[in-house]
Amino acid sequence: NAGVTQTPKFRILKIGQSMTLQCTQDMNHNYMYWYRQDPGMGLKLIYYSVGAGITDKGEVPNGYNVSRSTTEDFPLRLELAAPSQTSVYFCASRSPGTGGNTIYFGEGSWLTVV
Amino acid sequence: AQSVTQLDSQVPVFEEAPVELRCNYSSSVSVYLFWYVQYPNQGLQLLLKYLSGSTLVKGINGFEAEFNKSQTSFHLRKPSVHISDTAEYFCAVSDPSNTGNQFYFGTGTSLTVIP
């Protein structure tokens with residue numbers, strides 16, 4: 001059971017470099033999310049999407065971009081990486097509804113910007 | 001917007017002792033409530049959730065939580081913990097809207113089970 005798959009698992013970036021975190025899900029979920037997790041801060045929503053072609057900003061979108069060309073894929077782009085973007089990134093998905101449906105998470109991507 | 005408070009950032013407990021992890025949320029309107037667990041170097045997985053009905057909810061691995069509407073709380077309990085329960089636990093709240101952006105997570109409680 002694949003569920004939500006993220007790549008890469010670990011990455012070291014130099015300041016100013018760019019990269020894309022890939023996320024794909026095989027559960028045919030309309031809703032997809034990108035969170036970042038910093039120690040003691042819990043999960044902060046970066047961007048989310050309610051369906052192909054539709055994306056919206058979350059709580060901490062600055063420095064990131066997303067696209068949603070298919071139901072399955074929701075890549076997160078980091079432009080001009082900064083040390084403040086050192087974090088663990090989680091992609092997640094769920095089926096639409098009135099908030100009672102479970103969110104399913106990927107295993108995370110550990111990013112260090114040096 | 002909702003807010004979720006997990007007052008205890010770290011909870012050490014001896015093996016086979018009971019544990020309670022506290023969660024309070026901000027709004028008294030209708031909400032859905034969740035507890036997620038994160039084992040080291042892994043993603044979050046669902047422990048249990050409350051949508052409606054009985055206020056006592058049972059989840060996986062012997063955990064249960066009780067919804068208290070008057071106190072806007074959803075505390076997680078386990079009568080006897082094991083070493084394998086060492087993990088980070090997140091409380092989450094969802095409102096019944098259908099905007100796609102209705103989940104709110106607490107800052108997490110790190111449970112350490114001591115042998």
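We name chains A, B, ... by the order of the sequence lines, and we start the count at 1 in each one.
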A.B. asks: State yes or no: do A/Val50 and A/Tyr47 share one hydrophobic cluster built from I, L, V, M, F, W and Y residues joined by side-chain heavy-atom distances below 4.5 Å, directly or via other members?
C.D. replies: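 Hydrophobic grouping puts A/Val50 apart from A/Tyr47.
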A.B. asks: Does atom CE (A/Met27) have a neighbourhood of more than 12 heavy atoms from anything else shown, all under 6.0 Å?
C.D. replies: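 Count over threshold, so yes.
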A.B. asks: Need one label for A/Lys9: side chain, backbone, both or neither, based on atoms under 4.5 Å from any heavy atom in chain B.
C.D. replies: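 It is the side chain, since no backbone atom gets that close.
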A.B. asks: Can you name the side-chain hydrogen bond (donor to acceptor under 3.5 Å, both in side chains) partners of A/Thr112, sequence neighbours left out?
C.D. replies: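 Testing A/Thr112 for side-chain hydrogen bond (donor to acceptor under 3.5 Å, both in side chains), a comparison that skips the adjacent residues, returns none.
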A.B. asks: Does any backbone or side-chain atom of B/Tyr50 lie under 4.5 Å from a heavy atom of chain A? Answer side chain, backbone, both or neither.
C.D. replies: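 For B/Tyr50, there is no contact with chain A at all, as no heavy atom is under 4.5 Å.
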A.B. asks: For a quick test of reading the model, state the closest non-hydrogen atom pair linking B/Gln42 to A/Trp110 and the distance between them.
C.D. replies: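 B/Gln42 and A/Trp110 have their closest heavy atoms at N-CH2, 4.2 Å.
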A.B. asks: Would you say that A/Leu45 contacts B/Phe103 through its side chain, given a criterion of any heavy-atom pair below 4.5 Å between the two side chains?
C.D. replies: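 When only atoms from C-beta onward are counted, B/Phe103 and A/Leu45 do not touch, as no gap falls below 4.5 Å.
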A.B. asks: Looking only at heavy atoms, which two atoms of B/Tyr36 and A/Thr102 are closest? And how far apart?
C.D. replies: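 Reported closest heavy-atom pair: OH-CG2, 3.4 Å.
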A.B. asks: Below 4.5 Å from any heavy atom of chain A, which atoms of B/Gln10 appear? Answer side chain, backbone, both or neither.
C.D. replies: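 Neither the backbone nor the side chain of B/Gln10 comes within 4.5 Å of chain A.
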A.B. asks: Could you tell me which portion of B/Leu46 (side chain, backbone, both or neither) has an atom closer than 4.5 angstrom to a non-hydrogen atom of chain A?
C.D. replies: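 The side chain, not the backbone.
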A.B. asks: Linking I/L/V/M/F/W/Y whenever their side-chain heavy atoms sit closer than 4.5 Å, directly or via other members, would A/Ile103 and B/Leu44 fall into one cluster?
C.D. replies: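 Yes, one cluster joins them.
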A.B. asks: Membership question, hydrophobic clusters at under 4.5 Å side-chain separation (ILVMFWY): are A/Leu80 and A/Tyr89 in the same one?
C.D. replies: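 Different hydrophobic clusters.
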A.B. asks: At a heavy-atom separation under 4.5 Å, does A/Gln37 approach chain B through its side chain, its backbone, both, or neither?
C.D. replies: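 The side chain, not the backbone.
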A.B. asks: So does A/Ile12 have more than 12 non-hydrogen atoms from other groups sitting under 6.0 Å from CD1?
C.D. replies: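 Atom CD1 in A/Ile12 is not crowded, with 12 or fewer foreign heavy atoms closer than 6.0 Å.
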